[in-house]
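Throughout, protein chains are lettered first and strands after them, A, B, ... in sequence-line order, and every chain is numbered starting at 1.
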2 protein chains.
Amino acid sequence: MDLDERKLKILQAIIRNYLETGEPVGSRTISKYTDLNLSSATIRNEMADLEELGYIIQPHTSAGRIPSDKGYRLYVDQMMLEKEEQLSQATQEVKDMQKLLLEREDKMEAILKQVAKMLAVNTNYATMISAPQVKGNRLKFLQISKLDETQLLVTVVIEGNVIKNHMISVNELLDDEAIWKLNLLLNTNLNGLRIEEINLAMIAKLKQQAGVYENIITAILDTISEALQNDDDIEIYTSGTNNIFKYPELADQQRASELITTFEEKQLLNELVQETLTEENSTGIQVYIGNETPIQTMKDCSVVTATYELEEGVKGTIGIIGPRRMDYDKVISTLKTLKSQLDTLYKKD
Amino acid sequence: MDLDERKLKILQAIIRNYLETGEPVGSRTISKYTDLNLSSATIRNEMADLEELGYIIQPHTSAGRIPSDKGYRLYVDQMMLEKEEQLSQATQEVKDMQKLLLEREDKMEAILKQVAKMLAVNTNYATMISAPQVKGNRLKFLQISKLDETQLLVTVVIEGNVIKNHMISVNELLDDEAIWKLNLLLNTNLNGLRIEEINLAMIAKLKQQAGVYENIITAILDTISEALQNDDDIEIYTSGTNNIFKYPELADQQRASELITTFEEKQLLNELVQETLTEENSTGIQVYIGNETPIQTMKDCSVVTATYELEEGVKGTIGIIGPRRMDYDKVISTLKTLKSQLDTLYKKD
DNA sequence: TGTTAGCACTCATTCAACAAGAGTGCTAAC
DNA sequence: GTTAGCACTCTTGTTGAATGAGTGCTAACA
């Protein structure tokens, strides 16, 4: 048995209706809702077929039907195809975002937080955004400065302009010349290298050349290695987690508590980010419906993600998390526009 | 009518019992619970008095009594007096924390997050911790470095060793000597100054001396001013917000949603931090019971805060947020120990 | 005068029974 | 192939009674 035109229309009608109300939808509703002019009995027959095919589910014998994950999937896939053309019309909301982004170009963290918040307010779903993650991880710049008699400041810049600072306490006195020499030594030897390329031999060589400052070199190298391998704790900002309470299917204590924890701990979200970044996709938009999501605690949710790219290899992920019956249309088009805006905005830098 | 010995004992018994169970406690329970050897009828008479005095409340006619804010307050105040001596015995839990703090002295942010998490796990309440806030706000160190042909890195260190970085795009080419001169110019003129002390006259003078690099000076000064006046967005880390679901009196959707939002937005928590930092107190521990808290959304909670001090004027706040019937004894002693540990740990730096 | 036993009373909670209503599946007729 | 009609199922909401915890009050007692 295959999906003919009519079954498709009925399925769409069921889903649309369910997205609005969140209640199981019955045959009589559909009979009036669509322009098919069919009686409820006919709809019932078709619905029985749709259920057999796995597109809809009956929560209990005498209830209407709700879409299954498979049903949502079909709906979303089809929507993605149809809506392709009218993407470019930016909504007022997104224009607001862009304005905000342009105004505060200075502070990445503040921008990302604002974007997350704005998305949450506009969509009424929970949102997350990950700070752009650098792939290359080459050392770009290194500088040691004397803060005062006992403390050195080490500034490390890695590819993608991620800046790390670290303070080192020293015992011996260092004069300006010693520091200048250290800077020269380290920069000439290490610049442009990846973490794997800084091996024991090189370290030994550096220490030897540093002479009496050997132990300082150790401390500095620790700083560098930490800066270069910080892929385990990327920043992720969330907003609107309280929105889950707006959807009864997510708001019971068990589920809510789990979701809140997931958002707070962030480390599970990180897995989601990694997943989206690897699984490349022509549109850059991914939709996970119910059990499709890589995060167990979100199995009753749908997750829509967009990856944005600031420059070659510097990518981040935006995610919107809501109930299965989220407004996919709005969410996807919002994310598409935002994504393209972020892409261009930063690329012109 | 005053509180005699017996009334006090009964009040304590009511509170202790309520802290455990969360259920209104009746006269018969108290009659058995205490070593007073009084019949339930007598207890009832005393409870009627206690209610008239405002220490306990009857949720409805045929229920037991629960403590009022006034009752809790009396209980806590008395506990604080009695427990003074046995503070120093650090629990295993707190020793774990200290170990963790010592191991990872390098990363403030990671430490604070860990402390918050550990506290949350150990107490089963929601926790927050604010990064230490610098009062002085003097410029300690300033450095401009050339990242590449088009970008300068400005590193600003302010009193209390807070480090800020900023990148500036430049059009004209700068050689090493020019940068060296800029560094010298800025450091000699600005070091040790507060933001109010960098006035228009000084800026004009700097610009004049900078000659062709006038516009770079402007950008750098912007960075400095931003770094110096960042008191509006201190970092606050939270953990264990999902713990509120463990207490039915906080777990209904309305309240939970509000609390979650408060924890997520953080800006209300900031007010709490400011409040605790100003309202000085000999012990450094503050207890807000129910409506006493400065944050409206927490009127059904109790909040216990401790201020810690890393060095002169560099202070932060730790807060534990739970239901009115929180285990004040445990929470206060844990915070006291943690506070003293933090105080000494960093002071020796 | 303080303490206690006893009793009537109140109120929240639980449970079963019941009615209402929504929706289905099936059959027979069109 | 479509539809009307009907019996049937299952959820939801309501009602009312039983239960039980706990109180306030009175009268007796030490």
Side-chain angles (χ1 to χ4, degrees), chain A residues 1-11 13-15 17-18 20-68 71 248-249 251-252, chain B residues 1-11 13-18 20-68 71 248-249 252:
Chain A
M1 186 162 26
D2 210 7
L3 272 192
D4 56 21
E5 179 83 10
R6 197 170 73 174
K7 282 194 173 54
L8 210 71
K9 271 198 167 175
I10 292 173
L11 179 59
I14 293 173
I15 295 181
N17 197 293
Y18 185 69
E20 276 180 32
T21 64
E23 302 279 301
V25 11
S27 53
R28 226 179 95 79
T29 314
I30 300 300
S31 165
K32 286 183 292 183
Y33 200 93
T34 58
D35 50 354
L36 289 168
N37 283 327
L38 290 172
S39 78
S40 62
T42 312
I43 305 286
R44 274 204 288 284
N45 290 331
E46 296 286 42
M47 280 163 89
D49 290 351
L50 282 171
E51 183 165 12
E52 202 181 333
L53 289 165
Y55 292 106
I56 54 181
I57 292 170
Q58 200 171 19
H60 53 263
T61 330
S62 70
R65 307 299 214 286
I66 62 174
S68 69
E249 61 266 49
D252 67 296
Chain B
M1 188 161 25
D2 209 6
L3 272 192
D4 56 22
E5 179 82 8
R6 198 170 73 177
K7 282 196 173 57
L8 209 72
K9 272 196 167 178
I10 292 173
L11 179 58
I14 293 172
I15 295 181
R16 290 228 183 81
N17 197 294
Y18 185 68
E20 277 179 32
T21 65
E23 302 280 300
V25 11
S27 53
R28 227 178 93 78
T29 313
I30 299 300
S31 166
K32 286 184 290 184
Y33 200 92
T34 58
D35 50 356
L36 290 168
N37 283 325
L38 291 171
S39 77
S40 63
T42 312
I43 306 287
R44 275 205 289 285
N45 289 331
E46 296 287 43
M47 280 165 89
D49 290 350
L50 282 171
E51 182 165 12
E52 202 181 333
L53 288 165
Y55 291 106
I56 54 181
I57 293 171
Q58 200 171 20
H60 53 264
T61 330
S62 71
R65 307 299 215 287
I66 62 173
S68 69
E249 60 264 50
D252 67 297

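- For the segment residues 21-35 of chain A, the set of residues with a heavy atom within less than 4.0 Å of an atom of DNA chain D is empty.
- In terms of position along DNA chain D, the nucleotide closest to B:G64 lies nearer the 5' end than the nucleotide closest to the other residue of the pair B:G64 and B:A41.
- Closest approach of A:S27 and A:S40 over heavy atoms only: CB-O, 3.6 Å.
- Residue pairs meeting the salt bridge (Lys or Arg N to Asp or Glu O under 4.0 Å) criterion with at least one partner in residues 53-67 of chain A, sequence neighbours excluded, are A:E51-A:R65.
- Judged as a side-chain contact (heavy atoms from CB on, under 4.5 Å), and not counting sequence neighbours, the contacts of B:P248 are B:R325.
- Taking B:N45 as the reference, nothing meets the side chain to side chain donor-acceptor pair (under 3.5 Å) condition, with sequence neighbours excluded.
- Atoms OH and CG, on A:Y55 and A:L3 in that order, are 4.5 Å from each other to the nearest 0.5 Å.
- Note on B:A63: only backbone sugar-phosphate atoms sit closer than 4.0 angstrom, heavy atoms only; bases stay farther off.
- With sequence neighbours left out, the side chain to side chain donor-acceptor pair (under 3.5 Å) criterion links B:S39 to B:T42.
- Between B:K7 and B:D4, the closest side-chain pair of non-hydrogen atoms falls below 4.5 Å.
- Close approach of DNA chain D to chain A, defined as any atom under 4.0 Å from a non-hydrogen atom of the protein, starts and stops at D:dT2 to D:dT11.
- Side-chain N/O atoms of B:S39 include none lying less than 4.0 angstrom from OP1 or OP2 on C:dT3.
- Spacing between atom CZ of A:R65 and atom P of C:dG23 amounts to 11 Å, rounded to whole angstrom units.
- As rounded to whole Å, 11 Å separates atom P of C:dT4 from atom CD of B:E46.
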Atom pairs and distances, donor-acceptor, side-chain atoms in residues 28-38 of chain A, under 3.5 Å, two or more places apart:
from, atom 1, to, atom 2, distance (Å)
A:S31, OG, A:L38, O, 2.8
A:T34, OG1, A:I30, O, 3.2

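- To the nearest 0.5 Å, atoms CD1 (B:I66) and CD1 (B:I15) are separated by 11.0 Å.
- Nucleotide C:dG23 holds its P atom 9 Å from the CE atom of A:M47, rounded to whole Å.
- Considering all non-hydrogen atoms of both residues, B:V25 and B:N17 come closest at CB-OD1, 4.1 Å.
- Checked against side chain to side chain donor-acceptor pair (under 3.5 Å), A:E23 has no partners two or more places apart in sequence or in another chain.
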Between protein and nucleotides 11-17 of chain C, map the contacts as a letter string: B base, S sugar-phosphate only, - none, heavy atoms under 4.0 Å, written 5' to 3'. BS-----
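- Every residue two or more places apart in sequence or in another chain that forms a side chain to side chain donor-acceptor pair (under 3.5 Å) with A:R6 is listed here: A:E46.
- Taking CD1 of A:I56 as the reference point, atom CG of A:D49 lies at 9.0 Å (rounded to 0.5 Å).
- For the helix from C:dT1-D:dA30 to C:dC30-D:dG1, the axis fitted to the five pairs at one end and the axis fitted to the five pairs at the other end meet at an angle of 10° (nearest 10 degrees).
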